[in-house]
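Below: one structure, written as structure tokens.
First the proteins, then the strands, lettered A, B, ... as listed; each starts at 1.
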There are 2 protein chains.
Amino acid sequence: MSLAAARILLIEDDAVIRGFVRESLQTEGGEVFEADTGARGLIEAATRQPALLILDLGLPDRDGLDVIRDIRSWSQLPIIVLSARTQETAKVAALDAGADDYLIKPFGVPELLARVRAQLRRAAVPAGAAEAVFRFGSNEVDLAQRRVLHAGEEVHLTQLEYRLLATLIREQGRVVTHRQLMQEVWGPGYAERTHYLRIYMKQLREKLEDNPAQPAFLLTETGVGYRLQA
Amino acid sequence: MSLAAARILLIEDDAVIRGFVRESLQTEGGEVFEADTGARGLIEAATRQPALLILDLGLPDRDGLDVIRDIRSWSQLPIIVLSARTQETAKVAALDAGADDYLIKPFGVPELLARVRAQLRRAAVPAGAAEAVFRFGSNEVDLAQRRVLHAGEEVHLTQLEYRLLATLIREQGRVVTHRQLMQEVWGPGYAERTHYLRIYMKQLREKLEDNPAQPAFLLTETGVGYRLQA
DNA sequence: GAGTGGGCGTAAAGATTGTGTAAACGAAAA
DNA sequence: TTTTCGTTTACACAATCTTTACGCCCACTC
């Protein structure tokens, strides 16, 4: 998942190459769009708004350099060029037309992926504040920062407490069985030790419920498991 | 004048290569600084503040990947790697360590210049983002200049201290796991030596916290990692 | 309707691991 | 040589996890 669901446009007329490049990118977690001509590629680039473009220079309908220049007239997106042409002048021309990298066929998939990562890394928006905050009652759980607030005050949770809470949040509203909780928080081999759950649920309630004796969010489902009511 | 007087740092131990690369860059209008060892190079990078770095991986004194990681801990400047190693794994390692491009020796000067132009072009866009000073408590950390002030006084941090701090700053607020810190500061292969973290965290606290015994910013998340609270 | 047992909550004492601190060593740099 | 820095070793203390013990509630049974 190192490509983190990045949208990638692949313009390549050779169906075989297109196929394995697409697969490689998808395996790494990318979302791939394809085009087999320059004209089609330009339309896709405009409509899909990809985060990166992989462009074959040897297209049937248009000169690859032309495609680069066209895109550069309205977009800064990173462009990695694929080409069978090894001449230095071809590389220079593509790079000066606006490409960011140039890879000669045949190329290795690991290298392509590494260059894709390098381009995406550079292009990544610095801010990105994902804002993944989960709220219930007077609590806020920031999963990205691993921080928990209760009534505005920061609450310290131990590793197991936090993992337990995070698991319940992930299944918010649904009942999570004893077995599943033990598996996710303590790992395999602890399935029988369900008493731990009672101990740690008490601690969570103590820290997060307004009235720990009568929990409003961290609920018991007798004989089954626990549930987080949001 | 296509390089537009850009400041370029060249780290290369081979005097012959260094010579003709320098000349080529200067002919195109670049301002070139040189270093023939990794250690010297890091100092030059910090003091000259180049717009681009060309780095030979086969340095006599330090592992080239380590140099990349070090620079990446405090700077986003484009890095073009030169190397005699053609193996794909070497390319992937360098790119994933933070390099932006990888050129195999022997390379053509026109191609190098084109790749330099491509990197400079891309880096030129977000120019306004300067002024990267991070503040917490009575501390100011200038990531661009690699300078740290505590209560107005300049504080000297060692290489590892600085990298650790820079990593925490980059993830400001978030918990950074032991594993991730070890990976980013010491590199792969040190994952188990988490005791180093305790030693260096203590030293950072000693230098930056008002009350090192009760840290207010450099916080421990027991069993998980550390966090910089801004 | 008193007894019984499972499931649950509560409490507190070990046991274990993680963390902070100090100090010493050797290699490299000044 | 002296200084600086990264590494290694040692140990005390704190935080956390695990274990053990006990009481309550409720459904069910006799």
Side-chain angles (χ1 to χ4, degrees), chain A residues 146 148 155-165 175-179 181-182 184-187 189-209 211-227, chain B residues 35-43 59-63 66 69-70 73 148 155-165 175-179 181-182 185-187 189-209 211-227:
Chain A
R146 198 190 184 280
V148 181
V155 177
H156 174 72
L157 298 187
T158 71
Q159 188 157 303
L160 290 177
E161 287 165 0
Y162 185 82
R163 293 232 290 265
L164 180 55
L165 178 62
V175 178
V176 191
T177 64
H178 296 137
R179 176 171 298 278
L181 285 171
M182 293 310 294
E184 303 234 359
V185 177
W186 276 265
Y190 282 75
E192 316 303 315
R193 324 292 254 305
T194 56
H195 181 53
Y196 291 180
L197 287 176
R198 295 190 208 108
I199 296 169
Y200 281 90
M201 284 304 289
K202 163 153 172 71
Q203 286 167 191
L204 280 181
R205 284 165 174 161
E206 209 69 52
K207 291 180 177 179
L208 301 179
E209 291 277 1
N211 180 1
Q214 289 184 317
F217 309 107
L218 297 162
L219 306 180
T220 302
E221 297 284 341
T222 306
V224 185
Y226 292 89
R227 181 163 62 90
Chain B
D36 58 359
T37 64
R40 188 85 229 135
L42 287 172
I43 294 170
L59 296 172
D61 63 327
R62 290 190 63 164
D63 178 25
D66 215 44
R69 273 190 287 270
D70 194 310
S73 71
V148 181
V155 178
H156 171 71
L157 298 187
T158 72
Q159 198 101 270
L160 290 176
E161 286 166 359
Y162 188 82
R163 280 211 246 172
L164 180 55
L165 178 62
V175 175
V176 191
T177 64
H178 298 136
R179 175 173 299 278
L181 286 170
M182 293 310 294
V185 177
W186 277 266
Y190 282 76
E192 316 303 315
R193 323 293 254 308
T194 56
H195 184 55
Y196 291 0
L197 287 176
R198 296 188 207 110
I199 295 169
Y200 282 89
M201 284 302 290
K202 167 161 171 66
Q203 286 167 190
L204 281 179
R205 283 166 174 162
E206 210 69 53
K207 292 180 177 179
L208 301 178
E209 290 277 0
N211 180 1
Q214 288 185 317
F217 309 107
L218 297 162
L219 305 180
T220 301
E221 296 284 340
T222 307
V224 184
Y226 292 89
R227 180 160 62 87

Exercise: identify the closest heavy-atom pair between B/Val224 and A/Gln159: CG2-OE1, 3.4 Å

Between the protein and nucleotides 1-8 of chain D, list every N/O to N/O distance that falls short of 3.5 Å.
{"from": "D/dC5", "atom 1": "OP1", "to": "B/His156", "atom 2": "NE2", "distance (Å)": "2.5"}
{"from": "D/dG6", "atom 1": "OP1", "to": "B/Leu160", "atom 2": "N", "distance (Å)": "3.4"}
{"from": "D/dG6", "atom 1": "OP2", "to": "B/Thr158", "atom 2": "OG1", "distance (Å)": "2.8"}
{"from": "D/dG6", "atom 1": "OP2", "to": "B/Tyr200", "atom 2": "OH", "distance (Å)": "3.4"}
{"from": "D/dG6", "atom 1": "O5'", "to": "B/Tyr200", "atom 2": "OH", "distance (Å)": "3.4"}
{"from": "D/dT7", "atom 1": "OP2", "to": "B/Trp186", "atom 2": "NE1", "distance (Å)": "3.0"}
{"from": "D/dT8", "atom 1": "OP1", "to": "B/Arg193", "atom 2": "NH2", "distance (Å)": "3.4"}
{"from": "D/dT8", "atom 1": "OP2", "to": "B/Arg193", "atom 2": "NH2", "distance (Å)": "3.1"}
{"from": "D/dT8", "atom 1": "OP2", "to": "B/Tyr196", "atom 2": "OH", "distance (Å)": "2.2"}

Minimal non-hydrogen separation, A/Met201 against A/Leu164, with atom names: SD-CD2, 3.8 Å

Side chains of A/Thr220 and A/Arg205, donor plus acceptor under 3.5 Å: yes

Rounded distance (Å) that lies between atom C1' of C/dG20 and atom CD of B/Glu209: 14 Å

Upstream residue (5' side of DNA chain C) when B/Thr220 and A/Thr222 are each assigned their closest nucleotide: A/Thr222

Which residue lies more 5' along DNA chain C, comparing A/Glu206 with B/Tyr226 via nearest heavy atoms: A/Glu206

Residue-phosphate contact under 4.0 Å: B/His178 side-chain N/O, C/dT19 OP1/OP2: yes

Nearest-Å distance for atom pair CG/C1', residues B/Leu181 and C/dG18: 16 Å

Non-hydrogen atoms of A/Lys207 and A/His156 that approach each other most closely: NZ-O, 2.9 Å

Atom pair OH/OH of B/Tyr200 and B/Tyr226 - distance to nearest 0.5 Å: 13.5 Å

Distance-minimising heavy-atom pair for A/Glu209 and A/Ala216: OE1-N, 2.9 Å

Phosphate contact (C/dT19 OP1 or OP2) by B/Lys202 side-chain N/O below 4.0 Å: no

A/Arg205 side chain near C/dT10 phosphate (N/O to OP1/OP2, under 4.0 Å): no

Sugar-phosphate, base or nothing in reach of B/Thr194, heavy atoms under 4.0 Å: nothing

A/Leu218 CG to C/dG9 P, straight-line distance once rounded to whole Å: 11 Å

Taking every non-hydrogen atom, the tightest pair across B/Asp61 and B/Ala39: OD2-N, 3.0 Å

Side-chain polar contacts of residues 189-197 of chain B - donor-acceptor pairs under 3.5 angstrom, sequence neighbours left out - could you list them?
{"from": "B/His195", "atom 1": "ND1", "to": "B/Arg198", "atom 2": "NH1", "distance (Å)": "2.8"}

For atom CE of B/Met201 and atom P of C/dG18, their distance in whole Å: 17 Å

Distance in Å, B/Thr158 OG1 paired with B/Glu161 CD, rounded so as to fall on 0.5 Å steps: 3.5 Å

Under 3.5 Å, N/O pairs linking protein and nucleotides 28-30 of chain C:
none

Phosphate-side-chain proximity, B/Arg198 and C/dT19, N/O vs OP1/OP2 below 4.0 Å: yes

